[in-house]
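Data block below; observations after.
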Amino acid sequence: MNILVVEDDARITSFLVKGLKAEGYAVSTAADGDEARELAEMPGGEYDLVLLDLGLPGTDGRRVLQVLRARHPALPVIILTAREDLDTKVWGLDAGAADYVTKPFAFQELLARIRAALRTRDQAVAHQLSVSDLRLDLLTKVAWRAGRRIDLSVREWSLLEFFMRHPDQVLSREQILSHVWEVGFEPGSNVVDVYVGYLRRKLNTPGLPALLQALRGAGYRLLPSDAPSSSGPPP
Ligand code: CA
């Protein structure tokens, strides 16, 4: 867990760094708004949480928060500031801060708020399904393969979700029909084959193996992409 501390008061920074490190967090620091803004504009993945002072030399902390929200929507930011007027607090929370702590603060309380913000972030991650290089966001209903966004119709999305909840299992046409289509189709209907075909084409990515395998007479299977994609004998 890496926490970025944005704070221009060196005494507070050193107090936070010492305390957070003692709790097992890795800590990075930025001492003014311009430095914080530069870090906020980087591609990211480096930080798990940001503690942000609002009153900063250089770029204002409010602007830093806006940049953080735009570039890293999932990164929790806790505002840590002496400004305790209600308007600023409301503004900060509306602007997407996970929480707001007023100086002076009790370190134990700050730690509890950090843990709470990290839990909320982890719950958001739990709204995703992943099978090898395939990722499905259950809230936004968008799929990604190897970083490429794949837009799906409602039915394709339900179909992919069903496959991703049962990776590497052979799913019969009947199973797929009863889970993905609420009303029973005629047993002879080819609607499953048609939609698996649509999905297959959307998932196909040049240079990557096909993920949806057809097993004659049995149904379909979503393969982890490192498994052989042909139904031939193993090498
Ligand atoms: Ca300050």
Side-chain angles (χ1 to χ4, degrees), residues 1-128 130 135-142 144 147 149:
M1 289 290 168
N2 191 5
I3 297 181
L4 173 64
V5 173
V6 181
E7 171 62 68
D8 61 316
D9 185 326
R11 285 166 311 152
I12 297 178
T13 303
S14 90
F15 168 75
L16 285 171
V17 169
K18 212 173 140 199
L20 291 170
K21 282 189 172 164
E23 290 293 316
Y25 294 107
V27 187
S28 311
T29 59
D32 64 57
D34 295 339
E35 193 186 347
R37 188 189 173 139
E38 253 173 59
L39 292 175
E41 280 173 346
M42 300 220 287
E46 253 178 274
Y47 308 115
D48 296 287
L49 185 137
V50 179
L51 293 179
L52 177 67
D53 181 19
L54 289 185
L56 293 166
T59 307
D60 185 70
R62 293 174 180 238
R63 183 69 198 127
V64 174
L65 177 61
Q66 288 168 333
V67 174
L68 281 168
R69 289 273 56 87
R71 299 295 296 260
H72 312 285
L75 179 64
V77 178
I78 297 178
I79 294 176
L80 190 58
T81 182
R83 294 181 189 176
E84 53 192 310
D85 62 287
L86 187 61
D87 285 351
T88 309
K89 215 175 239 185
V90 169
W91 176 87
L93 295 172
D94 280 347
D99 209 341
Y100 194 109
V101 175
T102 310
K103 296 173 196 164
F105 54 88
F107 191 62
Q108 289 306 317
E109 183 188 344
L110 178 66
L111 287 176
R113 289 180 185 273
I114 288 172
R115 288 192 295 268
L118 290 172
R119 271 198 304 276
T120 305
R121 180 204 59 166
D122 291 346
Q123 281 157 8
V125 171
H127 291 128
Q128 294 187 351
S130 295
R135 193 157 54 82
L136 189 64
D137 190 309
L138 302 174
L139 293 180
T140 60
K141 309 218 164 196
V142 172
W144 303 81
R149 180 190 166 114

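The analysis underlying the following values was restricted to heavy atoms, covering all of them including side chains, and did not include hydrogens, waters or symmetry mates. Whatever order the structure lists them in is the order used to number ligands and atoms, beginning at 1. We count residues from 1, following the sequence as given.
Metal site remark for the Ca ion (ligand 1): G55 contributes an N, O or S atom at a distance under 3.0 Å.
Every residue meeting the side chain to side chain donor-acceptor pair (under 3.5 Å) condition with S28, not counting sequence neighbours, appears here in chain and number order: N2. Taking the side chain to side chain donor-acceptor pair (under 3.5 Å) definition, one finds that D32 meets it with nothing, sequence neighbours left out.
Restricting D53 to its N/O/S atoms, the shortest distance to the Ca ion (ligand 1) is reached by OD2. The Ca ion (ligand 1) lies closest to atom OD1 when only the N/O/S atoms of D8 are considered.
With a 4.5 Å cut-off on side-chain heavy atoms, I79 and K89 do not count as touching.
Considering all non-hydrogen atoms of both residues, V64 and A36 come closest at CG1-CB, 4.0 Å.
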